[in-house]
*Asks:* 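Here it is: the structure, laid out below.
None of these values were measured; they are calculated from a predicted model. Proteins get letters first, then strands, A, B, ... in listed order; numbering begins at 1 in each.
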Amino acid sequence: MAAASVLIVDDDDGIRTSLRLALEDHGYHVREAADGESALGEVKNQVPDVVILDLMLPGMDGFECCRQLRRTSDVPVLIVSARGDSHDVVAGLEAGADDYIRKPFDVPELTARVRALRRRLRSAPDEPDLLQAGAISIAADRGEVTVAGKPVHLTKTEFRLLYELASHPGRVFTREMLLERVWDYGYFGDARIVDVHIGRLRTKIEPDTANPAHLVTVRGFGYKLQT
Amino acid sequence: MKVRLAPVRLRLSLRITLAFAVGALVLSAAVAVGSYLFTARFLVGEQERTTLHQTYVNAAIARARLSGPAVDVPAILDALTVASSTNKIIYNDGRWYSSSLLVSRDALPTDLREATLGGSTVRTWRQNGSSSQIVVGVPLPGVKSAYFQVFDEAPLRHTLDVLRNVLLAAASATTAAGVGLGWWASRRLTAPLRAVAAAAERLASGNLETHLPHEHDRELGQLVDSFNAMVAALRARIQRDARFAADVSHELRSPLTTLSTSLSVLRRRRSELSPPGQDALDLLVTELARFERLVEDLLEISRADAAGGIADPEPVRISELVLNVLEQPEYGDVAANIDSSAFDAVVAGDKLRLQQVLRNLLENADTYAGGATEISATASNGCVLLCVDDAGPGVPPAERERIFDRFTRGRSAARRGGRGGTGLGLALVAEHVRAHGGRIWVTDAPSGGARFAFELPQAAR
């Protein structure tokens, strides 16, 4: 795969510079933005493979920046939270982020997350290109999803999540299984990432999100795709 | 202010009820006894007066008849009117005549008889079986006779008994009403207290939105207002603390991120450094890692302090938790010994925090005791007991309590340098276990090392 391009959005010069050094040392192509507005400009200019977005930004904050990004692009967004409380993380995920990492992080941990986000861009070679589960059909080669014939636009992560569930319709996936398969996490991933993404996926494919017909919660276990 | 507590402290509501009951009892008993005594005195006095008066009248009639010609004593006796339960006796010329077969001259006390026959009017009380009698004797001089009247008190007694029973019943009813009123009053009176207590409990369990509705009563209103003011102050303070912790964590984490990220570049290029440079780098890496952990532990412990309990408990399967923590490569040689009783044991809690408990205990064993040897889990009596055993020298009994305090490293740990630990790991463990409603302690492991044991309540099925 060609050198991946990463956009670092952080107002802290030290962090930006050190991240640039570290990621370039790992062979990434790095661009920087110091605030939300210039980040949106950078993405408009040229969409990177992954956006690493700090939540605490001057002016437009990370949440708003993420929402604005999502309006025009399904570029994978990895949010960086320096705050201890989990509200930030959930709010960031709900704003459309694909994954999160806490400051301070290890560079290997960060690159692992970035790699996992990039992998979601493509389907594995041994997987079928076409999946049909009830009213939902997925064309993996074109990244297209239709629900009852109507096309639905999903981000890469949502697409990957739906693809995993649709590959075994009716089978119950625990949050941990989904974290491992979609996000490349071991047991220590944060299950809320799954919950928030399931919620977002529901708003896109369910006629009534309060009574999901496709994406069903199996209490105490996880989720399954019902056909 | 020093308050001496009475040895037995009854509940406030019980005390109020009791006070009402005792008050009602005393009041109704006093009224009942008073009315009984007054009525009895009045009735008896009245009876005595009536009897006396009647006797005099009858004596006068008897005397008039006896002094007439053709004396027929039984007829005279019959002609005299008396109240019921009254007997008449006439002594005439050495003979005795009675209006009743049941009452003869023997019914008259001897001294009264003699005094009357001697010429004195006498009135006396006499006990007859269970009831008493008023006996009045009037001499009838001139006709060599005497007139006696014996009034039996039994019917009066009966009336008084009925009255007594009625008064007793009324007193009991009043006392019962007093108990009821007291109970009602105590409920009314303690209702605001209970509301405050319930609100305080909600507050203690972390619900900072607790608010008592406005109270119109002035005294209760004061209590409610000061309670609400206290909650508001507490909320403001907690929010300030939380904001401060968040700001501190941000301010600390940003430079830490820059440091660790820059160091990671240096680590990748370690081989390009001279040997002293490499040593300095290694030192930096180690100390930065420790500093990071210290910051994380500090923030975590202040968060745990602020939170108190578990916000959104989820079911955590203990066997899964243990196996997953041990899945990490560095703990490959730690044995997992899960008793069959604990296979299905589930705890309602925070999975990440429970993982941290086990990880911190494993790390503690690594840092101070040459590594953990075994994690065991058993379940009984609705609790799960987890034990982390290590291969170290154990913890001296004197340090077993203190070891869970913040920044205390055991003496034995300090001797061996104690590097790498933050001094907060076990405090955090204790904090998390407490937050889950459990307890933690240290004993000796059967294999010789230390055993960190903690117990968590199982989730209700």
Side-chain angles (χ1 to χ4, degrees), chain A residues 8 10-28 30 52 54-57 62 80-90 101-111 174-177 179-180 185-195 219-222, chain B residues 242-243 245-269 285 288-289 291-293 295-304 306-307 311-312 314-317 320-329 346 348 350-352 355-356 359 459:
Chain A
I8 302 168
D10 200 311
D11 61 319
D12 188 314
D13 290 342
I15 291 180
R16 261 197 342 264
T17 312
S18 61
L19 261 182
R20 170 192 277 279
L21 286 171
L23 288 175
E24 281 181 348
D25 207 32
H26 278 84
Y28 287 91
V30 179
I52 299 174
D54 187 50
L55 284 176
M56 276 176 115
L57 291 174
V80 182
S81 167
R83 308 236 308 207
D85 60 59
S86 53
H87 299 297
D88 269 12
V89 168
V90 173
I101 193 164
R102 279 184 205 281
K103 281 184 192 171
F105 43 76
D106 281 344
V107 171
E109 192 190 344
L110 176 72
T111 51
T174 65
R175 293 174 174 80
E176 286 75 21
M177 284 161 83
L179 273 174
E180 195 180 333
Y185 275 109
Y187 184 71
F188 299 114
D190 184 344
R192 288 169 311 182
I193 298 179
V194 180
D195 296 338
R219 264 188 81 87
F221 289 96
Chain B
R243 223 176 12 251
D247 291 347
V248 164
S249 81
H250 181 255
E251 294 310 317
L252 284 173
R253 279 179 174 135
S254 294
L256 274 177
T257 307
T258 308
L259 278 174
S260 74
T261 311
S262 307
L263 267 182
S264 81
V265 178
L266 283 178
R267 278 170 80 181
R268 266 172 71 92
R269 302 188 176 274
V285 168
L288 182 65
F291 188 41
E292 277 181 4
R293 255 208 318 284
V295 168
E296 285 311 309
D297 282 357
L298 261 176
L299 293 172
E300 180 78 21
I301 212 158
S302 62
R303 242 196 331 270
D312 304 302
E314 51 174 344
V316 180
R317 192 174 289 270
E320 215 170 284
L321 181 83
V322 172
L323 296 177
N324 278 302
V325 169
L326 292 182
E327 244 172 37
Q328 285 174 294
V346 172
D350 182 328
K351 191 173 80 181
L352 293 175
Q355 282 168 359
Q356 199 180 14
R359 274 212 304 262

*Asks:* So, Ser18(A) side chain and Ser262(B) main chain: donor-acceptor pair closer than 3.5 Å or not?
*Replies:* no
*Asks:* Can a salt bridge be assigned to the pair Lys351(B) and Glu176(A) using a cut-off of 4.0 Å between side-chain N and carboxylate O?
*Replies:* yes
*Asks:* Roughly how far, to the nearest 0.5 Å, is CG of Leu352(B) from CZ of Arg192(A)?
*Replies:* 7.5 Å
*Asks:* Kindly give the heavy-atom pair with the smallest separation between Thr261(B) and Ala22(A), and that separation in Å.
*Replies:* CG2-CB, 3.6 Å
*Asks:* How far does CG of Leu21(A) sit from OG of Ser264(B), to the nearest 0.5 angstrom?
*Replies:* 9.0 Å
*Asks:* When only pairs under 4.5 Å are counted, which of Ala191(A), Pro104(A), Pro108(A) shares the most heavy-atom pairs with chain B?
*Replies:* Pro104(A)
*Asks:* For the CZ atom of Arg102(A) and the CZ atom of Arg253(B), what is their distance to the nearest 0.5 Å?
*Replies:* 6.5 Å
*Asks:* What part of Glu296(B) gets within 4.5 angstrom of chain A, counting heavy atoms only: side chain, backbone, both, or neither?
*Replies:* side chain
*Asks:* CG of Leu19(A) to OG1 of Thr257(B): how many Å apart, nearest 0.5 Å?
*Replies:* 8.0 Å
*Asks:* Using non-hydrogen atoms only, which part of Arg267(B) is less than 4.5 Å away from chain A: side chain, backbone, both, or neither?
*Replies:* neither
*Asks:* Does any heavy atom of chain B fall under 4.5 Å from the side chain of Asp12(A), the backbone, both, or neither of them?
*Replies:* side chain
*Asks:* For the side chain of Ser260(B) and the backbone of Phe105(A), is there at least one donor-acceptor N/O pair under 3.5 Å apart?
*Replies:* yes
